[in-house]
Trainee: 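Please see the structure below; I have some questions.
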Amino acid sequence: MNILSIKQLTKRYGAITAVNQLNLKVEKGNIYGLLGPNGSGKTTTLGIVLGITNKDSGEYTWFEGKYGQNARRKVGALLETPNFYPYLNADQNLDLIAHIKKVNYPNFDEILELVNLKHRRKAAFRAYSLGMRQRLAIAGALVGDPEVLIFDEPTNGLDPQGIAEVRGIIQRIAESGKTILMASHILDEVEKVCSHVAIIKNGKLLAQGTIGQIINNDKIVEVASDNLENLTHLLQSIHGINSIDKENNRLILSVDADFSSAKLNYQAFQAGIQLSHLVVKTKSLEAEFLEITKS
């Protein structure tokens, strides 16, 4: 089932096209990462599908039209900075959210346990750390048991511990069967959390698919020797090396998935070249992202 379908969505602000004929499909159970640099159109896209921002053209459909005008009630969202009444505690703030959403949710034990705030539920919001505030905002998005959660930069501004906590919460939410759409510019977090990703730049969709589809099977091999010229000449004759770049007195090779680094070391030795550096790396989402988005 397509939880969200976006077709030819476009939004302009004067001469700036924030979203440019965007097409996306998010299927049930996906943890879908909307990935792009700041100003790429991620937040604008989320604002449109949440009914906060008006589109100029195109269309979007929630749940294949199953819930009609009530579809928005099946979606929980956390956009930008969480805002709560500073003098109220977690239960009181969540009570207000439940009232606004018109849902019957008298007991918040389960969601406060999920976001690790049950032990601080009676503390005033003003006493919360940034990480705790973000986790309470996630709890607010969960009020009403929505089928879909939308998070816009959920780890923005957090320290490493806070990032790890939020990441774990998102993964636990996904394990419960909910669909998650997460916008971020932090590639490492998207790679660790998401099952699918769409890469956007200047409002345009550049690539989409599973993480495995976006990241190709090529490996990266770093090599160096005292004579890079001779080494480069040798490498140009070896099958399975797709590209050679130079960086900080090292050669960066993009090679086939089955490329043998041991064989490369032997061939260099046979040619009288002693390698001073040989490191094999799998290609990361970051490397693929930079390749896809470069001008």
Side-chain angles (χ1 to χ4, degrees), residues 2-50 53 55-62 77 79-80 148-156 167 170 174 179-220 242-243 245 247 252-257 281-295:
N2 287 325
I3 294 295
L4 174 63
S5 298
I6 297 174
K7 297 180 181 179
Q8 298 293 301
L9 199 64
T10 299
K11 175 64 179 178
R12 300 181 184 88
Y13 294 99
I16 298 173
T17 302
V19 181
N20 193 346
Q21 297 184 332
L22 185 65
N23 294 291
L24 280 179
K25 284 187 178 180
V26 179
E27 295 183 356
K28 183 177 176 63
N30 286 171
I31 312 177
Y32 206 102
L34 202 56
L35 184 62
N38 290 329
S40 60
K42 305 186 301 295
T43 298
T44 302
T45 299
L46 295 184
I48 292 172
V49 299
L50 287 171
T53 304
K55 59 184 174 64
D56 288 328
S57 61
E59 60 184 46
Y60 63 90
T61 305
W62 283 106
L79 298 182
E80 301 180 344
V148 181
L149 277 301
I150 291 182
F151 300 127
D152 186 15
E153 304 285 359
T155 60
N156 201 23
R167 182 200 312 142
I170 292 173
T179 303
I180 296 174
L181 178 57
M182 182 178 81
S184 181
H185 67 279
I186 304 176
L187 290 85
D188 183 57
E189 288 307 304
V190 171
E191 187 168 6
K192 287 177 179 176
V193 172
C194 296
S195 61
H196 294 69
V197 66
I199 296 177
I200 297 175
K201 184 180 180 183
N202 297 328
K204 284 188 174 183
L205 178 68
L206 301 185
Q208 67 175 316
T210 65
I211 292 288
Q213 288 171 334
I214 295 295
I215 304 175
N216 66 40
N217 291 324
D218 286 0
K219 294 187 294 188
I220 302 296
N242 302 316
S243 67
D245 295 299
E247 182 180 297
I252 313 299
L253 317 178
S254 176
V255 302
D256 291 343
K281 300 179 178 179
T282 55
K283 203 160 188 179
S284 67
L285 180 60
E286 179 179 20
E288 201 68 54
F289 174 83
L290 293 173
E291 181 68 25
I292 290 171
T293 58
K294 71 181 181 180
S295 298

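What you are looking at is a predicted structure, and each value in this text was computed from that prediction instead of being measured.
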Trainee: Which heavy atom in Thr44 sits nearest to a heavy atom in Tyr13, and how many Å separate them?
Mentor: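 Heavy atoms of Thr44 and Tyr13 come nearest at CG2-OH, 3.9 Å.
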Trainee: Give me the atom names and distance for the closest heavy-atom approach of Ala183 to Pro154.
Mentor: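 Answer, listing the atom of Ala183 first, then Pro154: O-CD, 3.8 Å.
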Trainee: What I'd like to find out is whether the side chain of Met182 reaches to under 4.5 Å of the side chain of Leu149, using heavy atoms alone.
Mentor: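 No, every pair of side-chain atoms sits at 4.5 Å or beyond.
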Trainee: Please check: side-chain N/O of Lys42 versus main-chain N/O of Gly36, any donor-acceptor pairing under 3.5 Å?
Mentor: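 Pair found, side chain donor or acceptor close to backbone of Gly36.
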Trainee: Give the minimum heavy-atom separation between Lys201 and Ser40, together with the two atoms involved.
Mentor: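 Looking at all heavy atoms of both residues, the closest pair is CA-CB, 4.1 Å.
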Trainee: If we only count heavy atoms from C-beta on, is the Thr45 to Leu22 side-chain gap below 4.5 Å?
Mentor: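 The answer is yes; the side chains approach within 4.5 Å.
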Trainee: So, the side chain of Thr17 versus the backbone of Arg12: is there a donor-acceptor pair under 3.5 Å, distance only?
Mentor: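 A pair under 3.5 Å: no.
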Trainee: What pair of heavy atoms forms the shortest contact from Glu27 to Ile3, and how long is it?
Mentor: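 Closest pair (atom of Glu27, atom of Ile3, distance): C-CG1, 4.0 Å.
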Trainee: Nearest heavy-atom pair of Lys11 and Lys55: which atoms, and what distance?
Mentor: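 Here Lys11 and Lys55 meet closest at CD-CA, 4.4 Å.
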Trainee: With no hydrogens and no angle check, is any side-chain donor or acceptor of Trp62 less than 3.5 Å from a backbone partner on Val49?
Mentor: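 Yes.
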Trainee: Give me the one residue out of Ile180, Leu181, Val197 that meets side chain to side chain contact (heavy atoms under 4.5 Å, CB included) with Ile31.
Mentor: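 One option only clears the test, and that one is Ile180.
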Trainee: Does the side chain of His196 pick up a donor-acceptor pair with the side chain of Gln208 at under 3.5 Å?
Mentor: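 No, no side-chain donor-acceptor pair sits under 3.5 Å.
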Trainee: Side-chain contact, heavy-atom cut-off 4.5 Å: Thr43 with Leu79?
Mentor: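 A side-chain contact under 4.5 Å is absent here.
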Trainee: Just verifying a value: how many Å separate Leu34 CG and His185 NE2, rounded to the nearest 0.5 Å?
Mentor: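 Reported to 0.5 Å precision, the distance equals 13.5 Å.
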Trainee: Where do Leu24 and Leu4 land on the side-chain contact (heavy atoms from CB on, under 4.5 Å) test, with the steps shown first?
Mentor: CA-CA 8 Å; Leu24 280 179; Leu4 174 63; over 6 Å; no
Trainee: Is the shortest side-chain heavy-atom distance between Thr179 and Tyr32 below 4.5 Å?
Mentor: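 When only atoms from C-beta onward are counted, Tyr32 and Thr179 do not touch, as no gap falls below 4.5 Å.
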Trainee: Which of these passes side chain to side chain contact (heavy atoms under 4.5 Å, CB included) with Val193: Ile211, Thr155, Ile170?
Mentor: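 Only match with Val193 under side chain to side chain contact (heavy atoms under 4.5 Å, CB included): Ile170.
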Trainee: So, for Val19 and Gly41, which heavy atoms are closest and what is the spacing to 0.1 Å?
Mentor: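 Of all heavy-atom pairs spanning Val19 and Gly41, the closest is CG2-O, 3.9 Å.
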Trainee: Would you indicate whether the side-chain heavy atoms of Asn20 and Asn202 approach each other to under 4.5 Å?
Mentor: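 Contact flag for Asn202/Asn20 side chains = no.
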Trainee: I want to check something: taking the side chain as every heavy atom from C-beta on, are Lys25 and Ser5 in contact at a cut-off of under 4.5 Å?
Mentor: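 Side chain of Lys25 against side chain of Ser5, heavy atoms only: contact under 4.5 Å found.
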Trainee: Within the structure provided, determine whether Gln8 and Asn23 are in side-chain contact (heavy-atom separation under 4.5 Å).
Mentor: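 Side-chain contact under 4.5 Å: yes.
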Trainee: Could you state the interatomic distance from OG (Ser57) to CG (Leu9), rounded to the nearest 0.5 Å?
Mentor: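 Going from OG on Ser57 over to CG on Leu9, the span is 7.5 Å.
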